[in-house]
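Heads up: the structure comes next, in C-alpha cells.
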Amino acid sequence: MDAADRPGGRWLGRLALGSGVGGAVVFGAMIRGGGALDPSVGAIQFTFTEAAFRRILDAWGPEGRGRFATHFAYDYVFLGCFGLFGWALGKWLAERLDRPGWLRSLLPWIMPAAAVGDAVEDLLQQSLAAAIPGSRPALAYLVAGVAATVKWTLIAVFIAFVGWAAWLVRRDRPATTTPAGR
C-alpha cells in the first residue's frame with residue numbers, strides 16, 4: 001500500500017502542512033507585533049521567582065510590558081497551531097512505523113502536551129504581569145517557569161523523536177527496484 005493511501009495519509013499530511021504554515025504565519029505576526037524585547041520573551045519564560053520575573057518586566061518598561069501583553073493574543077493561536085501540527089505529523093509518522101509500539105502511541109501527543117504547558121505558562125504569566133508586585137504567591141511564579149521548561153523539553157523531545165521516527169520509516173521502507181534499462 002502506498003504511503004499516501006494508508007489510513008489518514010493524505011488528510012494528515014495536509015493538516016500537518018496547513019497547521020505548520022498557519023503557525024509560521026502567526027509566529028511571524030507575533031514577532032512583528034511584539035517587536036524585539038531586551039531581554040527577550042524567552043528569558044521571562046525561565047524565571048521561577050517574582051524577583052526574576054519583575055526584573056525583566058522592569059527592564060522592558062511600560063512600552064515593553066504593553067507589547068508583552070499584546071503578544072498573548074497571538075501566542076494562544078500559535079500554541080493551537082503547533083499542537084495541531086505536532087499531533088498531525090506525529091500521527092502521520094506513527095501510521096508508517098512498524099515499531100517501537102510505544103513511539104507510535106506517544107509521538108502524536110507530545111506537541112499537544114507542549115501546547116498545554118504553553119497555555120498554562122501564558123495564563124500564569126499574563127496574570128502575574130498584570131498583578132500588583134507582591135500580591136501573588138511564590139508558587140505561581142514557580143509553576144509558570146516549570147510549565148515553560150516542560151514545554152521546551154517536550155518540543156526538544158518531539159524534534160528528536162520525529163527525526164528518529166523518520167529514520168526508522170526510511171530504514172524499514174521496502175526497497176524498490178527499477179526495471180533494467182531505465
Side-chain angles (χ1 to χ4, degrees), residues 15-91 93 103 106-166:
L15 183 59
L17 180 62
S19 57
V21 169
V25 169
V26 171
F27 187 76
M30 182 169 49
I31 297 297
R32 193 171 45 256
L37 291 170
D38 186 27
S40 71
V41 172
I44 204 166
Q45 292 180 13
F46 295 105
T47 59
F48 299 88
T49 65
E50 181 174 12
F53 190 82
R54 293 280 168 205
R55 268 194 301 277
I56 292 174
L57 288 178
D58 291 344
W60 287 343
E63 182 196 350
R65 286 191 298 273
R67 290 192 316 216
F68 180 61
T70 300
H71 107 280
F72 288 108
Y74 296 100
D75 202 18
Y76 288 116
V77 176
F78 179 65
L79 70 87
C81 289
F82 83 70
L84 184 58
F85 166 78
W87 178 83
L89 179 60
K91 187 84 172 148
L93 274 168
L103 182 59
L106 183 64
L107 194 57
W109 300 108
I110 298 171
M111 289 300 276
V116 169
D118 196 8
V120 169
E121 168 205 336
D122 286 355
L123 288 167
L124 282 170
Q125 286 184 343
Q126 205 170 8
S127 169
L128 296 171
I132 296 168
S135 66
R136 298 298 165 101
L139 183 61
Y141 295 92
L142 177 63
V143 171
V146 168
T149 303
V150 167
K151 170 190 74 176
W152 285 111
T153 301
L154 288 171
I155 290 169
V157 166
F158 180 76
I159 291 167
F161 280 0
V162 162
W164 182 39

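Nearest heavy atom pair, residue Gly83 against residue Ala115, reads CA-CB, 4.0 Å. Residues Ala165 and Leu93 come closest through the heavy atom pair CB-CD1, 4.3 Å. Nearest heavy atoms, Ala144 versus Leu128: CB-CD1, 4.3 Å. The shortest heavy-atom contact between Leu37 and Gly64 is CD2-CA, 3.6 Å.
Judged as a side chain to side chain contact (heavy atoms under 4.5 Å, CB included), and not counting sequence neighbours, the contacts of Ala51 are Thr49, Arg55. The salt bridge (charged side-chain N to carboxylate O under 4.0 Å, His left out) check on Arg65 picks up nothing, with sequence neighbours excluded. Contacts of Val150 classified as side chain to side chain contact (heavy atoms under 4.5 Å, CB included), with partners at least two apart in sequence or in another chain: Val146, Leu154. With sequence neighbours excluded, no residue forms a ring-ring contact (aromatic ring centres under 6.0 Å, His included) with Phe48. The side chain to side chain contact (heavy atoms under 4.5 Å, CB included) test applied to Leu139 returns Leu142, Val143, not counting sequence neighbours. Take Ala43 and apply the side chain to side chain contact (heavy atoms under 4.5 Å, CB included) test, not counting sequence neighbours, and it matches Pro39, Ser40, Ile56.
Among residues at least two apart or in separate chains, side chain to side chain donor-acceptor pair (under 3.5 Å) pairs with a member in residues 72-85 are Tyr76-Gln126. Pairs engaging residues 127-146 under the ring pair (Phe, Tyr, Trp, His ring centres under 6.0 Å) rule: Phe53-Tyr141 [sequence neighbours left out]. Each salt bridge (charged side-chain N to carboxylate O under 4.0 Å, His left out) pair with one or both residues in residues 28-52, not counting sequence neighbours, appears once here: Glu50-Arg54. Note on residues 152-166: pairs passing side chain to side chain donor-acceptor pair (under 3.5 Å), not counting sequence neighbours, are Gln45-Trp152. For residues 142-159, the pairs satisfying salt bridge (charged side-chain N to carboxylate O under 4.0 Å, His left out) are Asp118-Lys151, Glu121-Lys151, with sequence neighbours left out.
When atom types are taken as modelled, the side chain of Arg67 and the backbone of Ala36 share a donor-acceptor pair closer than 3.5 angstrom. Judged by distance alone, with hydrogens and angles left aside, the side-chain atoms of Thr149 form a donor-acceptor pair with the main-chain N or O of Gly145 at under 3.5 Å.
Using a 4.5 Å heavy-atom cutoff, the side chains of Ile44 and Leu57 are in contact. Side-chain contact check for Phe158 versus Leu89: some heavy-atom pair is nearer than 4.5 Å.
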Just distance, no hydrogens or angles: give the donor-acceptor pairs under 3.5 Å from side chains in residues 15-23, sequence neighbours left out.
{"from": "Ser19", "atom 1": "OG", "to": "Leu15", "atom 2": "O", "distance (Å)": "2.7"}
{"from": "Ser19", "atom 1": "OG", "to": "Ala16", "atom 2": "O", "distance (Å)": "3.3"}
{"from": "Ser19", "atom 1": "OG", "to": "Phe85", "atom 2": "N", "distance (Å)": "3.3"}

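Ile110 contributes atom CD1, which lies 7.0 Å from atom CG of Leu103 (distance to the nearest 0.5 angstrom).
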